[in-house]
Amino acid sequence: MDKAAAIKRIKELRALINYHNRRYYQLDAPEISDVEYDRLMKELIELEERFPQIDVSESPSQRVGAAPLDKFSTISHLTPMLSLANAFSEQDILDFDERIKRFLGTDEKIAFVVEPKLDGTAVNLIYEKGAFTVGATRGDGTVGEDVTQNLRTIDSIPLRMKKSKDSPMPERIEIRGEVYIEIDSFKKLNKRRLKEGEQPFANPRNAAAGSLRQLDSKITARRPLEIFCYGIGLVAGKTFKRHWDVLQTLSRWGFMVNPHVKQAKDIHECIEYYHHIDKIRAELPYEIDGVVIKVDDIEIQERLGAVSRSPRWAIACKFAATQATTIIEKIEVQVGRTGVLTPVAIMKPVRVGGVTVSRATLHNMDEIEKKDIRIGDTVIIQRAGDVIPEVVKVIVSTGNRPEREFVMPDTCPDPGCRSKVVRLEGEKAYRCINIACPAQIREHIAHFASRGGMDIEGLGDKLVAQLVDTKLIRDPADIYFLKKENLLNLERMAERSATNLLAAIEQSKTPPLEKFLYALGIRHVGEHMARVLARSFKTLEVLMTATEDDLLAIRDIGPEVASSITGFFGEQSNRKVIEKFRKAGVKPVEKSHPKDARLAGKSFVFTGTLGRLTRNEAKEIVESLGASATESVTKTTDYVVAGESPGSKIEKARASGIKIIDEKEFLKLTGRK
Ligand code: IVH
């Protein structure tokens with residue numbers, strides 16, 4: 001193969017792999033098997049090695065995630081990462097301006113740059129001769145953790161800085177930014193975690209920080225992390241006059257800079273900006289907790305310097321959170337499908353951010369102890385960006401502390417179980433480990449029959465509870481042995497509904513293998529993993545005989561997942577249930593995957609209301625043509641389709657020079673008109 005042919009093939013391979021990455025990681029809907037994917041990647045890597053003169057810095061071969069680490073090593077930042085002093089009111093902001101003037105001994109107006117304050121986790125990225133070399137968390141501001149491998153998986157972090165005529169590349173530079181997760185992606189991620197029997201993240205910030213600190217970068221690669229860059233640390237070989245130039249230059253070099261950053265000619269414009277951003281806050285796709293005001297002139301910044309780890313030239317102006325005060329009336333304990341006990345605060349109903357809230361998850365016992373939450377406490381709760389309400393803290397008025405400390409029950413709260421509760425080593429969660437626990441069985445069977453699983457119409461949570469409580473079913477396979485006369489004995493069950501239910505059960509006997517595997521409720525096997533398993537092993541019988549090594553050979557299956565799967569199929573009681581399925585005539589089938597690829601590899605983002613199509617119809621069109629629709633605008637977005645009153649995605653698209661089309665153009669492009 002000559003160089004021209006290699007360039008052509010490399011281009012094709014990169015586009016294909018980017019497309020399949022998006023299907024796999026972001027949409028959870030892969031179209032090719034792991035084996036095929038690996039073949040593409042291998043071909044690409046081999047070609048790139050044979051033609052080293054072809055630039056690999058933008059190649060998907062550089063973002064695959066490396067081997068897991070035992071622990072992170074630490075890294076000293078080249079210049080410290082300072083933190084910001086806070087302002088909570090207009091007066092605080094005016095005082096900040098006054099302090100600066102006093103320090104400088106001037107009466108002249110100070111010019112500022114104002115920026116949204118993202119609520120994520122801070123990182124420091126080092127680029128040498130334009131190449132991303134090392135990335136670290138903030139840590140204590142001086143020393144952070146080396147999370148380079150994980151940062152490399154984030155699409156919006158350039159592996160190589162873009163060349164810019166006006167801004168020559170510095171020899172070495174530290175770029176600072178905030179890694180975050182958009183609210184929609186956060187909700188999806190939590191849904192997925194719940195389905196996989198894992199604890200959801202409390203808020204997008206925790207999700208971002210937790211995802212970034214994964215020892216296995218393949219896990220980070222599956223998390224929808226993004227970044228906005230807001231500053232620099234050490235720079236060698238370049239100077240800046242204004243912070244505004246820094247932001248503009250970062251953007252030219254290919255870094256994401258928040259489209260809402262703005263120059264302000266004096267402190268009054270900053271205050272206006274603060275109110276403006278507070279107003280549009282709810283429309284932003286990510287969480288912010290305030291705005292940052294920074295002196296624009298860098299020479300003045302240097303004169304002002306820092307005091308106790310915060311610069312004098314910048315301040316964080318925090319918004320009042322959507323918080324409310326209420327009383328915890330009791331704490332209930334819920335038993336999940338995997339036996340995990342989750343404490344839930346039942347509170348006096350209160351309105352927060354436009355909705356009435358009476359329940360808040362307390363996550364786990366550690367969280368309760370850390371916040372010292374007791375029954376009867378007056379607490380501040382908050383709804384951050386309309387996610388699950390959480391208890392922020394207890395309001396303590398001295399000498400007035402309720403006595404009733406919450407203790408995790410030592411027996412399962414389900415009246416039909418009451419077996420001993422344990423806390424397994426190394427786990428936060430308390431669990432009921434009785435496999436016959438009715439609460440777990442109910443949850444387990446309800447999961448089995450649910451929409452994402454076997455999708456048995458009419459078999460909802462209430463009916464499952466009745467069937468389990470009357471001992472008509474003990475495991476999911478028993479569903480297939482139900483008789484009409486059993487059903488008719490149940491409360492509120494008429495002839496007609498019994499007939500319909502039996503028909504729905506009968507219909508569910510040939511499920512796609514992936515649905516069946518998901519329905520089994522194996523720990524760590526959510527919908528995505530179930531698809532991976534179905535595609536790789538094709539039949540249940542083959543999967544059941546797979547060894548841990550067989551499983552580990554598959555991309556995206558780590559040791560924990562592998563041992564959970566072999567553990568599940570190795571368990572005698574599980575094998576018995578599967579044998580029962582077979583006897584009942586339940587036969588999972590592996591389906592084939594048709595595809596058409598007119599717009600293969602293209603990525604669409606929709607914003608605003610479309611006139612002729614619903615969002616879902618538009619997405620279906622896109623997917624039927626081999627393209628994908630994602631929630632947020634990134635560097636890899638090809639088209640943003642703007643409907644009526646589009647959101648901030650438009651600005652992001654404009655800022656990154658992404659093609660924006662309207663619905664008409666979209667219909668034309670997809671051949672619908
Ligand atoms: S400037 C010396 N700008 O807020 C300047 N920080 O306490 C230091 N943050 O953890 C930071 N958005 O990660 C700056 N536009 C922004 C920011 C921002 C979020 C975070 C930052 C740090 C904390 C500051």
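Counting starts at 1 for both ligands and their atoms, following the listed order.
- Taking distance alone, with nitrogen or oxygen atoms compared against 3.5 Å, W313 stays at or beyond that limit from ligand 1.
- Annotation: atom 10 (O) of ligand 1 to nearest protein heavy atom, A122 CB, 3.7 Å.
- Looking at K262 and E272, no side-chain N of the basic residue comes within less than 4.0 Å of a carboxylate O on the acidic one, giving no salt bridge.
- For a threshold of 3.5 Å applied to N or O pairs, the pair formed by E115 and ligand 1 contains at least one separation below that value.
- In terms of protein heavy atoms, atom 3 (N) of ligand 1 is closest to K294 NZ, 2.9 Å.
- Of the charged side-chain nitrogens involved, at least one lies within less than 4.0 Å of a carboxylate oxygen, so that E631 and K619 count as a salt-bridged pair.
- Inclusion of L118 in the set of residues having an N or O under 3.5 Å from an N or O of ligand 1 is warranted.
- Side-chain contact check for D296 and Q263: at least one donor-acceptor pair (N or O, by modelled atom type) lies under 3.5 Å.
- Look at R654 and E651 and you find no salt bridge, because none of the NZ, NE, NH1 or NH2 atoms lies under 4.0 Å from a carboxylate O.
- Considering both main-chain and side-chain atoms, L82 never comes within under 3.5 Å of ligand 1 through any nitrogen or oxygen pair.
- Contact annotation: for V292 versus ligand 1, heavy atoms closer than 4.0 Å belong to the side chain alone.
- Within the 4.0 Å heavy-atom criterion, the part of P116 lying near ligand 1 is the backbone and not the side chain.
- For a threshold of 3.5 Å applied to N or O pairs, the pair formed by R138 and ligand 1 contains no separation below that value.
- Between Y180 and Y286, the ring-plane angle classifies as perpendicular under the 30° and 60° cut-offs.
- The part of P311 lying near ligand 1 is the side chain, judged by heavy-atom distances below 4.0 Å.
- The aromatic rings of H276 and Y273 sit tilted, their planes meeting at an angle between 30° and 60°.
- Seen from the ring of F132, R152 does not count as a face-on cation partner, given the 6.0 Å and 45° thresholds.
- Short contacts between ligand 1 and K117, defined as distances under 4.0 Å to a heavy atom of the residue, involve ligand atoms 4 (O), 12 (N), 19 (C).
- In this structure, atom 21 (C) of ligand 1 lies nearest to the protein heavy atom Y230 OH, 3.1 Å.
- Annotation for ligand 1: atoms under 4.0 Å from non-hydrogen atoms of S83 are 7 (O).
- Among all protein heavy atoms, the one lying closest to atom 7 (O) of ligand 1 is L84 N, 3.0 Å.
- Checked for salt-bridge contact, E390 and R205 miss the test: no charged N lies under 4.0 Å from a carboxylate O.
- Taking atom 13 (O) of ligand 1 as the reference point, the nearest protein heavy-atom neighbour is E178 OE1, 2.2 Å.
- Under a 4.0 Å N-O distance rule, the pair D95/R99 does not qualify as a salt bridge.
- Heavy-atom neighbours of K659 NZ from other residues, nucleotides or ligands within 6.0 Å: at or below the threshold of 12.
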